[in-house]
Each structure stands twice: as structure tokens, then as C-alpha cells.
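Reviewing the structure listed below.
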Amino acid sequence: MKIRFGVGLGADTAPDQLAGIVDHLESSGVDSLWFSELVYSPAVDPMVGMAYTLARTTRLKAGTSVAVLPGRHPVLVAKQLASLAAVAPKRVLPVFGLRPAIPAEREVFVVPDGERAAVFDESLRVLRAALVDDAATYHGRYFTVSGAAVAPRPVPPLDIWLGGSASAALSLILL
């Protein structure tokens, strides 16, 4: 049995602390570093933090500690993830959820009222298709994509993790 340890950064981790933390985790044999989606804090944006970590290290994995997917276009997210995976194969750990944990940040991720779970479900379909298909095509209620060719495609395909604490998030995971 293999046991791995990861470290999640909190809201008070300032960008000028990141180099020391990343270097220490890489040299200590920690498996992964996780970046929380905290817009109204000094914490580094998850995609930026992942890019910095993956470029600075050779072994340490980096992940989003439940980034918000609804309110972002999934093809653009797919391109970000594909780019990270090209720079650091097998070290990108994307985790997505329905909404920000901090209520004040919910206005930043605009989604029609009462439709967040439906947008999330459709976003996941588009995201996966953009990461796997040669030319993803999708026509849904919230997204229309014709021939989305995100490159380079991650090989092997990225695992997309789901996380959250809302009952709607749990019902999506259990389906």
C-alpha cells in the first residue's frame, strides 16, 4: 500500500512565501501541493500557483483544491490544463466544484440562479471532450462548441476530480 501526503495552502499564504514552500515540499518528498480558489485573499490563483510549482519542480504534483468550474468556459479551462500537463506530465491534479466556499465570492462566477448544478454538469462534459477528442463538438443548453481542438492533449488523459460540500455537489458525485 502506498501512502501519499499533500499540503493545501490557506488563504493567508502570500505569493512571496511560495518559493520557500515549494522548494521545501519538493525536497521533503511530499507528493502534492494544493491551491485553493480564494479570490478575495492574498493566496495565489490556483492555475498560476500550479504553473509556478510545476515549472519550479521535477517531482511535486500540483492541484486545484476545488476550483470553481461554473462561470468559466470549459474549453479555456481545458487549454490551461492541457498546457500544464504538457509542461509537467502526470503531475496535474484538477479538482472542480460547484461554487466558491466564501459567499462574497459567488458573484464573481456568474451562473443563472438555480442552474449551477446543470451548468456544472454540462461544463464537465465539454471539458472532458475538449481534453480527449481530436475536435470536440457539443451543443447543449449553456455551451456550444464546434470542432474545439485543444492541443497538446494530455497523454494519458487527466483525471478530473470532483469536490465540494454542498448537497448538490454530493449528488453529482454519487450519480
> Between the side chain of R106 and the main-chain N/O of P100, is any donor-acceptor distance below 3.5 Å?
Replying inline: yes
> Which atom pair, heavy atoms only, marks the closest approach of P152 to A82?
Replying inline: O-CB, 3.3 Å
> So how far is it from L98 CG to L69 CG, rounded to the nearest 0.5 Å?
Replying inline: 9.0 Å
> Do you know which two heavy atoms are closest between V92 and L158, and how far apart they sit?
Replying inline: O-CD2, 3.9 Å
> Does the side chain of H139 reach to within under 4.5 Å of the side chain of S146, using non-hydrogen atoms?
Replying inline: yes
>> Let's go through M47 and V77 carefully: what are the C-alpha distance in whole Å and the side-chain angles of both, what is the deciding distance for side-chain contact (heavy atoms from CB on, under 4.5 Å) to 0.1 Å, and is it a yes or a no?
In response: CA-CA 9 Å; M47 292 294 183; V77 174; 4.3 Å; yes
>> Under 4.5 Å between side-chain heavy atoms, counting indirect links through other Ile/Leu/Val/Met/Phe/Trp/Tyr residues: same cluster for M50 and V66 or not?
In response: no
>> Please say yes or no: joined through hydrophobic side-chain contacts below 4.5 Å, possibly via intermediate residues, are V95 and L54 part of one cluster?
In response: no
> Taking C-beta and beyond as the side chain, do V48 and F35 meet within less than 4.5 Å on heavy atoms?
Replying inline: no
> If you look at every heavy atom in S28 and H24, which pair is closest and at what distance?
Replying inline: OG-O, 2.7 Å
> Is it true that the side chains of S36 and W34 contain a donor and an acceptor less than 3.5 Å apart?
Replying inline: no
> Given the rule in the side-chain contact (heavy atoms from CB on, under 4.5 Å) test, do K61 and L33 qualify, once you have shown the distances and angles that lead to the verdict?
Replying inline: CA-CA 6 Å; K61 297 173 192 153; L33 177 58; over 6 Å; no
>> Which residues end up grouped with V145 if you chain together Ile, Leu, Val, Met, Phe, Trp and Tyr wherever their side-chain heavy atoms are less than 4.5 Å apart?
In response: V75, V111, V119, V126, Y138, Y142, F143, V150
> For E107 and Y40, which heavy atoms make the closest approach, and how far apart are they?
Replying inline: OE2-OH, 3.5 Å
>> Looking at E37 and R72, is there a salt bridge between them, counting it only when a charged N and a carboxylate O are closer than 4.0 Å?
In response: yes
>> Does F5 form a side-chain contact (heavy atoms from CB on, under 4.5 Å) with L25? I'd like the steps, not just the answer.
In response: CA-CA 10 Å; F5 291 94; L25 295 177; over 6 Å; no
> From S65 OG over to L38 CG, what is the distance, rounded to the nearest 0.5 angstrom?
Replying inline: 8.5 Å
> Are the side chains of T64 and W161 in touch, meaning some heavy atoms are under 4.5 Å apart?
Replying inline: no
>> Check E115 with R141, please: is the shortest side-chain N to carboxylate O separation under 4.0 Å?
In response: yes
> Any donor and acceptor pair, going by atom type alone, linking the side chain of R125 with main-chain N or O of F120 inside 3.5 Å?
Replying inline: no
> Do the non-hydrogen side-chain atoms of K90 and P156 ever get within less than 4.5 Å of each other?
Replying inline: yes
>> Once rounded to the nearest 0.5 Å, what's the spacing between atom CD1 of I3 and atom CG of D31?
In response: 12.0 Å
> Distance from F96 atom CZ to L162 atom CG, nearest 0.5 Å?
Replying inline: 9.5 Å
>> Between T13 and V44, is the side-chain contact (heavy atoms from CB on, under 4.5 Å) condition met? List the steps.
In response: CA-CA 8 Å; T13 306; V44 174; over 6 Å; no
>> Show, in sequence, the C-alpha distance, side-chain angles and deciding distance for R91 and T57, and conclude whether the side chain to side chain donor-acceptor pair (under 3.5 Å) test is met.
In response: CA-CA 10 Å; R91 296 195 297 138; T57 63; 2.8 Å; yes
> Closest heavy-atom contact between L131 and A78?
Replying inline: CD2-O, 3.5 Å
> How about E26 and T53: does a side-chain donor come under 3.5 Å of a side-chain acceptor?
Replying inline: no
> Minimum heavy-atom separation for L93 to S32, with atom names?
Replying inline: CD1-CB, 3.9 Å
> Just by distance, do the side chain of K79 and the backbone of P74 share a donor-acceptor pair under 3.5 Å?
Replying inline: no
> Taking Q17 for the side chain and A14 for the main chain, is one N or O donor matched with an acceptor at less than 3.5 Å?
Replying inline: yes
> Which ILVMFWY residues are connected to L76, directly or by a chain of links, through side-chain heavy atoms under 4.5 Å apart?
Replying inline: none
> Are R153 and D133 close enough for a salt bridge, meaning some N to O gap below 4.0 Å?
Replying inline: no
